[in-house]
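Inspection log for the structure reproduced underneath, given as structure tokens.
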Amino acid sequence: MTQSLTAPPRELLTRPPTAAPRRGEHARRLVRNSLVALLLVIEVAPLLWLLLSSFKTQSEFVNDPAWSLPKSWDFTNYTEAWTTGNVALYIGNSLLATVPSLVLIILLGVAAGFALEVMVWRGRHQVLLVFLVGIMVPSQMILLPLFRVYFQTGLSGTLAPLIITYTAAGLPLTVFMMATFFRSIPREVFEAATLDGASILKAFWQIAFPMVRNAVFTVGLVQFFFIWNDLLISLTFTTNDDLRTIQVGLLNFTGQYGETAYGPLFAAISINVVGALVLYLLINQRIIKGLTAGAVKG
């Protein structure tokens, strides 16, 4: 009995813990870091190659290997792309088509999501299904009828067809996503606002909209990249060269006989990509918060 209560031998207390768990944890950490580094290389390498290629001359594109570095750091390609290539005009047209479309999509989509999820009225579930059906309709199917309607109404030759089409194409997904985000907000919040005498408009603008602002940033960025990177709709409805957006304008760097001015083209693509990347980096934290906002019901 006395022997069982004595302290364990000193060598047992000073024995180092087994190294097997540490080696396993170190191996898992090494694999994880290697995968992250591989993904980083896959993402960064094409952007770096694009940026370096924008400084090459036409002869370097034709004669040197694709992975070779530029021989000089001359900004002539950027100057030519911005002036002769009309990149400034195309970016301005893209902004004139994107900003109004984005504002309409956000306002109408958030309001519709609030009406379909928070407000109680007969037939709201059927209306939500109609919006879901709109997600399944390919935009290629409606281009020809829309072109005829825009031509007959005299809207051709302006940016109005782009704004209308982008708004209509972006609303179904926006309404569905915003309804999902509103579903995560406790209904007691709106019930308390109603008991305090808040109208439905006040509850929407002062309570609902601020609570889903991170989700609005997420949806807005998704729709922004859809509109900004669109080529098919813009190419169909912009019949005037002065109304071309940046994606359609990049086609101008191909000559009449198929010869491509690679230097100015890569410079124009770099301007387009870097601008969108900077915008994403500025609001990426809000996007992450918005992506997780509708995952758990509060």
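These numbers were taken from a predicted model, which means no experiment stands behind them.
- When every heavy atom of I105 is checked against every heavy atom of Q223, the shortest pair comes out as CG2-CG, 4.0 Å.
- The hydrophobic clustering, which links ILVMFWY residues whose side-chain heavy atoms are closer than 4.5 Å, places I227 and L279 apart.
- Of the candidates F55, W49, F253, F266 forms a ring pair (Phe, Tyr, Trp, His ring centres under 6.0 Å) with just one, namely W49.
- In this structure, I164 CD1 and L155 CG are separated by 5.5 Å, a value rounded to the nearest 0.5 Å.
- With a 4.5 Å cut-off on side-chain heavy atoms, N214 and F181 do not count as touching.
- A heavy-atom distance below 4.5 Å is not found between the side chains of D230 and L235.
- V274 and L281 fall within a single hydrophobic cluster, where Ile, Leu, Val, Met, Phe, Trp and Tyr side chains are chained together by heavy-atom contacts under 4.5 Å.
- When all heavy atoms are compared, the tightest approach of V87 to A81 is CG2-O, 2.9 Å.
- Criterion: ILVMFWY side-chain heavy atoms under 4.5 Å apart, direct or through other members. Under it, L104 and F114 are not part of a common hydrophobic cluster.
- Judged by distance alone, with hydrogens and angles left aside, the side-chain atoms of S68 form a donor-acceptor pair with the main-chain N or O of P65 at under 3.5 Å.
- Counting heavy atoms from C-beta outward, T236 and L232 have side chains that approach closer than 4.5 Å.
- Contact check on E191 versus R187 returns no salt bridge, with no Lys/Arg side-chain nitrogen under 4.0 Å from an Asp/Glu carboxylate oxygen.
- In terms of modelled atom types and a separation under 3.5 Å, the side chain of E60 and the main chain of K71 share a donor-acceptor contact.
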Please test W121 against L116 for side-chain contact (heavy atoms from CB on, under 4.5 Å), starting from the C-alpha separation and ending with a verdict. CA-CA 8 Å; W121 46 281; L116 291 171; 3.5 Å; yes
task = I would like to know whether L47 and L277 meet side-chain contact (heavy atoms from CB on, under 4.5 Å); could you show each step before the answer?
result = CA-CA 10 Å; L47 296 177; L277 183 62; 4.3 Å; yes
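- Side-chain atoms of K56 and D64, non-hydrogen and from C-beta on, never get closer than 4.5 Å to each other.
- Annotation: F131, atom CZ; neighbour count of heavy atoms from other residues, nucleotides and ligands within 6.0 Å does not exceed 12.
- Contact record, F204 with P210: O-CD, 4.3 Å, taken as the closest heavy-atom pair.
- The closest side-chain heavy-atom distance from I106 to M178 is not below 4.5 Å.
- By the rule that hydrophobic residues join a cluster once side-chain heavy atoms approach within less than 4.5 Å of another member, W82 and V273 end up as members of one cluster.
- Considering CG of L102 and CG of L107, their distance stands at 9.5 Å, rounded to 0.5 Å.
- When side chains are defined from C-beta on, L96 does not count as touching L162, because their heavy atoms never get closer than 4.5 Å.
- Within the structure, the ring-ring contact (aromatic ring centres under 6.0 Å, His included) test picks out the following pairs touching residues 150-178 (sequence neighbours left out): Y150-F237.
- Between L250 and A268, the closest heavy-atom pair is CD2-CB, 3.6 Å.
- Of the candidates D242, T245, I246, D242 is the only one forming a side chain to side chain contact (heavy atoms under 4.5 Å, CB included) with L89.
- Between T180 and E117 there is no side-chain heavy-atom pair separated by less than 4.5 Å.
- Cluster annotation: L52 and V62 are assigned to distinct hydrophobic clusters (Ile/Leu/Val/Met/Phe/Trp/Tyr, side-chain heavy-atom contacts under 4.5 Å, transitive).
- R244 contributes no side-chain N or O that, together with a main-chain N or O of Y90, makes up a donor-acceptor pair within less than 3.5 Å.
- In this structure, N252 CG and D241 CG are separated by 6.5 Å, a value rounded to the nearest 0.5 Å.
- With hydrogens and angles ignored, the 3.5 Å screen pairs a side-chain donor or acceptor of Q58 with a backbone N or O of T260.
- Rounding to the nearest 0.5 Å gives a distance of 11.0 Å between CD1 of I233 and OG1 of T238.
- Between the side chain of N77 and the backbone N or O of T57, no donor-acceptor pair lies under 3.5 Å.
- Crowding of E43 atom CD: a count of heavy atoms from other residues, nucleotides or ligands under 6.0 Å not exceeding 12.
- Between T174 and G109, the shortest heavy-atom distance links the atoms CG2-CA, 3.8 Å.
- Rounding to the nearest 0.5 angstrom, the gap separating the CG atom in N33 from the CG atom in L40 is 12.0 Å.
- When atom types are taken as modelled, the side chain of Q247 and the backbone of W228 share a donor-acceptor pair closer than 3.5 angstrom.
- Put simply, the side chain of F147 does not reach to within 4.5 Å of the side chain of I142, judged on heavy atoms.
- To the nearest 0.5 Å, atom CG of residue L50 and atom OG of residue S270 are 3.5 Å apart.
- A pairwise comparison of heavy atoms in Y78 and A267 identifies CE2-O, 3.7 Å as the closest pair.
- Annotation: Y262, atom OH; neighbour count of heavy atoms from other residues, nucleotides and ligands within 6.0 Å does not exceed 12.
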Note to self: Run the side-chain hydrogen bond (donor to acceptor under 3.5 Å, both in side chains) test on S72 and D74 for me, step by step, so that the C-alpha distance in whole Å, both residues' side-chain angles and the decisive distance to 0.1 Å come before the verdict.
What the structure shows: CA-CA 6 Å; S72 62; D74 192 3; 5.4 Å; no
